[in-house]
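Computed from a predicted model, the values in this text were never measured in an experiment. Every chain is numbered from 1 and lettered A, B, ... according to where its sequence line falls, protein lines coming before strand lines.
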Number of protein chains: 4
Amino acid sequence: MRHQKVDVILQAAVEVFSDQGFDQAKMDDIAQAAGVAKGTIYYHFKSKEDLFTGLMDEGMEKLIGCAKRHIDSEDSPVDQMHGLIRAHSQFFMENGKLAKLLLNEAFGTKERQQKFRASIREYIQLIELLIERGIATGDFQFDYPSEMAIAIFGAGSVLVLHKLYALEDNAWTSEESEEVTQMIIQSLSQLVFRSLLIK
Amino acid sequence: MRHQKVDVILQAAVEVFSDQGFDQAKMDDIAQAAGVAKGTIYYHFKSKEDLFTGLMDEGMEKLIGCAKRHIDSEDSPVDQMHGLIRAHSQFFMENGKLAKLLLNEAFGTKERQQKFRASIREYIQLIELLIERGIATGDFQFDYPSEMAIAIFGAGSVLVLHKLYALEDNAWTSEESEEVTQMIIQSLSQLVFRSLLIK
Amino acid sequence: MRHQKVDVILQAAVEVFSDQGFDQAKMDDIAQAAGVAKGTIYYHFKSKEDLFTGLMDEGMEKLIGCAKRHIDSEDSPVDQMHGLIRAHSQFFMENGKLAKLLLNEAFGTKERQQKFRASIREYIQLIELLIERGIATGDFQFDYPSEMAIAIFGAGSVLVLHKLYALEDNAWTSEESEEVTQMIIQSLSQLVFRSLLIK
Amino acid sequence: MRHQKVDVILQAAVEVFSDQGFDQAKMDDIAQAAGVAKGTIYYHFKSKEDLFTGLMDEGMEKLIGCAKRHIDSEDSPVDQMHGLIRAHSQFFMENGKLAKLLLNEAFGTKERQQKFRASIREYIQLIELLIERGIATGDFQFDYPSEMAIAIFGAGSVLVLHKLYALEDNAWTSEESEEVTQMIIQSLSQLVFRSLLIK
DNA sequence: CATGAATGAGTCTTCATTCAT
DNA sequence: TATGAATGAAGACTCATTCAT
């Protein structure tokens with residue numbers, strides 16, 4: 001079992017990193033937020049980088065695990081895509097801080113993100129495979145599965161992120177939050193399955 | 001007309017900011033890239049913040065202008081949406097550095113981005129209005145126009161960004177780049193107009 | 001008898017201090033090298049300072065003891081000087097780590113070394129007394145016995161140190177090492193007894 | 001011409017490094033001693049390491065230059081050796097701070113000193129060549145010229161260093177200091193040319 | 001207008017030492 | 001006795017900003 005303080009630190013780190021971004025976040029703040037001395041963080045983590053990377057990796061792992069579980073619990077590609085949309089939306093809405101952390105840093109040139117991009121790609125490939133299966137079964141129709149996967153990922157991520165920021169500004173109740181999640185899921189579903197056009 | 005050095009500085013700034021992100025970018029680097037002394041930047045810009053904000057505002061202004069022109073050149077909401085997708089894709093693919101700059105920083109909590117978010121919202125509202133018009137004319141069908149606008153913005157932005165990074169890694173020819181742009185446009189169009197499902 | 005762990009720690013300390021110098025040596029390294037927990041060191045030694053000083057004192061004590069034994073086993077000042085040169089060379093060549101430790105820190109301004117300098121002075125005085133006895137017996141001839149003692153100490157120490165570093169770079173066999181020791185002894189003897197000049 | 005502040009910093013650095021040693025010296029102290037802000041040092045020097053290395057290199061260059069000049073102004077190996085002893089003694093006694101700096105760090109394992117050792121070796125080789133020339137001319141007699149060179153270097157360096165420390169403790173007048181220098185020169189000469197033994 | 005040397009507040013990181021177990 | 005997690009003071013280094021020339 002992981003040492004207790006490590007968890008406290010990780011929690012504080014998510015908080016601070018998600019609020020400030022990697023560069024603006026100060027180790028002092030994380031220490032204070034965690035209620036430990038600065039040295040304690042360095043006893044458990046090699047560096048700011050290390051702490052951050054650990055967070056990202058763990059977060060992506062959770063996300064991918066959650067997505068896989070939702071996908072595997074369904075059979076048809078259509079239902080699986082629905083599952084994925086639900087998983088994505090709920091996971092991020094329920095882990096708002098982590099969502100900001102992941103999505104904020106998901107786009108950037110720096111080396112730090114190179115490694116992180118691998119996990120992102122893994123997640124996107126999950127979507128891609130789904131699309132390809134749907135095409136194979138004749139359910140879906142699309143010229144570029146890979147691009148479609150990225151676009152869907154983008155749509156879902158940006159929409160969630162946008163709502164999270166709104167949620168942050170006006171502190172909403174959990175019911176309202178749940179309502180927003182449903183709206184996100186419905187919006188994404190409509191975009192992906194029905195498109196804008198009236199048939 | 002703007003002073004010549006100002007343009008040199010702005011160009012260098014786009015370059016550096018887009019490569020490094022705001023926090024990692026150093027005024028020294030910008031000065032060097034621009035071939036001017038560091039003091040010169042401060043003669044023309046109040047601060048790093050100021051330089052950055054100017055860049056963002058100008059970039060968003062161009063983007064919004066470009067989008068408006070494409071929209072206005074069409075009549076029906078469907079064609080206008082097509083125009084917008086083309087405008088978005090082409091503008092960002094042709095202004096890769098600016099694209100990274102805008103999209104990298106489009107997601108983040110910090111105050112710096114608060115102001116910038118206003119322009120983003122203006123752009124998204126352009127999409128939203130389009131959708132609402134489409135609904136009014138009976139062309140479109142959608143429950144949450146605002147969320148749809150954000151989702152489409154997200155899909156388009158992330159897809160472009162993704163391709164820009166790939167382009168950066170393997171230096172592609174301009175024909176290939178053009179090809180990619182077409183693929184992006186087609187993918188987004190399919191997502192928005194046809195959806196995944198075979199009708 | 002000293003506690004077993006104390007010896008383990010002392011051995012590790014010699015190793016690490018001699019490799020890294022006092023300032024660069026880390027208590028963590030010493031603990032690891034000794035295979036004990038860091039706290040254990042502090043159970044047996046008051047501080048890093050204390051550990052180091054103990055090492056130095058013990059080392060100098062051994063050196064001085066060794067020198068005295070060699071001196072006392074001879075009668076004439078000339079033979080005693082020979083004995084001292086042999087003792088010095090052999091002791092340091094056989095205790096390379098200790099040698100580096102002692103000689104590295106023998107030269108420095110810091111307070112830590114003030115105390116250590118006392119032992120050095122004691123050792124040098126051994127040489128000085130020898131010279132004075134030689135002068136008294138008419139064997140030696142020299143204007144400044146004290147300076148002569150220091151110069152001889154310097155010659156012997158630096159030569160040994162130099163060879164130890166060479167030995168470290170190219171791992172030599174013990175025969176070669178023995179050979180080097182003989183060369184050192186002979187060189188020092190020639191310097192002290194015959195001088196450069198052909199009579 | 002080197003910028004003025006650079007010289008001020010270098011001077012302060014010699015002072016502080018020679019008093020404290022590399023590890024104990026604080027950049028803050030050097031800045032304060034130089035009367036400049038800490039950042040100014042970093043504007044001119046890449047790092048503490050860089051500052052230190054520069055100092056060492058410059059110092060050794062001066063020393064070697066001084067030695068060469070003294071050697072070249074004499075003809076016979078005997079006189080040249082005398083010249084070298086004078087150069088060594090006077091140079092170090094007149095540049096006490098530099099002497100401590102150079103000699104303190106001349107003995108140590110760390111990488112920092114590896115580079116510095118090259119200069120030391122160059123200086124020692126100067127002595128070695130001298131000895132070899134003396135052997136060729138039949139003036140000198142010695143089995144191991146290289147070891148002899150090192151021993152002489154050690155004798156001279158340690159003797160000077162020892163006197164510098166004594167000088168530091170009791171602040172001596174410059175006449176006394178000059179007197180000490182003469183005593184050093186005479187002692188070394190006797191050691192090198194006459195040896196202990198009465199012929 | 002332009003320069004670039006100088007500044008110093010702000011950060012990350014290290015490491016000797018302590019202490020509850 | 002022994003441990004090793006926790007501490008926090010200390011120190012190297014960065015970089016946006018200023019200002020005298």
Residue mapping more 5' on DNA chain F - nearest nucleotide basis, Met27(D) or Gly35(C): Gly35(C)
Nearest-Å distance for atom pair NE2/P, residues His44(C) and dA16(E): 18 Å
Lys38(D), nearest nucleotide to its side chain (from dA10(F), dT17(E), dA9(E)): dA9(E)
Phe52(D) and Phe17(D) aromatic ring geometry - parallel, tilted or perpendicular at 30°/60° bounds: perpendicular
Euclidean distance, atom CG of residue Asp23(B) to atom P of dC12(E) [Å, nearest integer]: 12 Å
Glu49(D) backbone acceptor or donor facing Thr53(D) side chain under 3.5 Å: yes
Nearest-nucleotide comparison on DNA chain F, the residue closer to the 5′ end among Ile41(C) and Lys5(A): Ile41(C)
Assigned partner base of dT21(E), Watson-Crick or wobble definition, under 3.5 Å: dA2(F)
N/O donor-acceptor pair under 3.5 Å between Asn104(C) side chain and Lys100(C) backbone: yes
Between dA2(F) (C1') and Phe45(C) (CZ): distance, integer Å: 15 Å
Phosphate OP1/OP2 of dA2(E): any Tyr43(B) side-chain N/O under 4.0 Å: no
Interatomic distance where CG belongs to Asp28(A) and C1' belongs to dA9(E) [whole Å]: 13 Å
Closest to the Ala37(C) side chain, choosing from dT7(F), dG4(F), dA16(F): dG4(F)
Protein-nucleotide distance (Phe52(B), atom CZ; dA16(F), atom C1'), rounded to Å: 16 Å
Touch class at under 4.0 angstrom, heavy-atom based, for Lys26(A) against every strand present: sugar-phosphate
Closest-nucleotide ordering on DNA chain E, the 5'-leading residue of Gly39(A) and Ala25(A): Ala25(A)
Residue Tyr42(D), side-chain atoms from C-beta onward, closest of dC13(F), dT17(F), dT14(E): dC13(F)
Selected nucleotide, minimal atom distance to Thr40(A) side chain, candidates dA6(F), dT7(E), dA2(E): dA6(F)
Sugar-phosphate only, base, or nothing, as touched by Ala31(D) at under 4.0 Å among non-hydrogen atoms: nothing
Touch class at under 4.0 angstrom, heavy-atom based, for Ala34(A) against every strand present: nothing
For atom CD of Gln24(A) and atom C1' of dG10(E), their distance in whole Å: 12 Å
Rounded distance (Å) that lies between atom P of dG10(E) and atom CG of Asp29(A): 13 Å
Check: Lys48(C) side chain, Phe22(C) main-chain N or O, donor-acceptor pair, under 3.5 Å: yes
Val36(B), nearest nucleotide to its side chain (from dT3(E), dA16(F), dA6(F)): dT3(E)
Rounded distance (Å) that lies between atom P of dA16(F) and atom CD of Gln20(B): 12 Å
Closest to side chain of Lys48(A), choosing from dT13(E), dA12(F), dT17(E): dT13(E)
Heavy-atom pair of closest approach, residues Leu103(B) and Leu161(B): CB-CD2, 3.9 Å
Val8(D) side chain near Gln11(D) side chain, heavy-atom distance below 4.5 Å: no
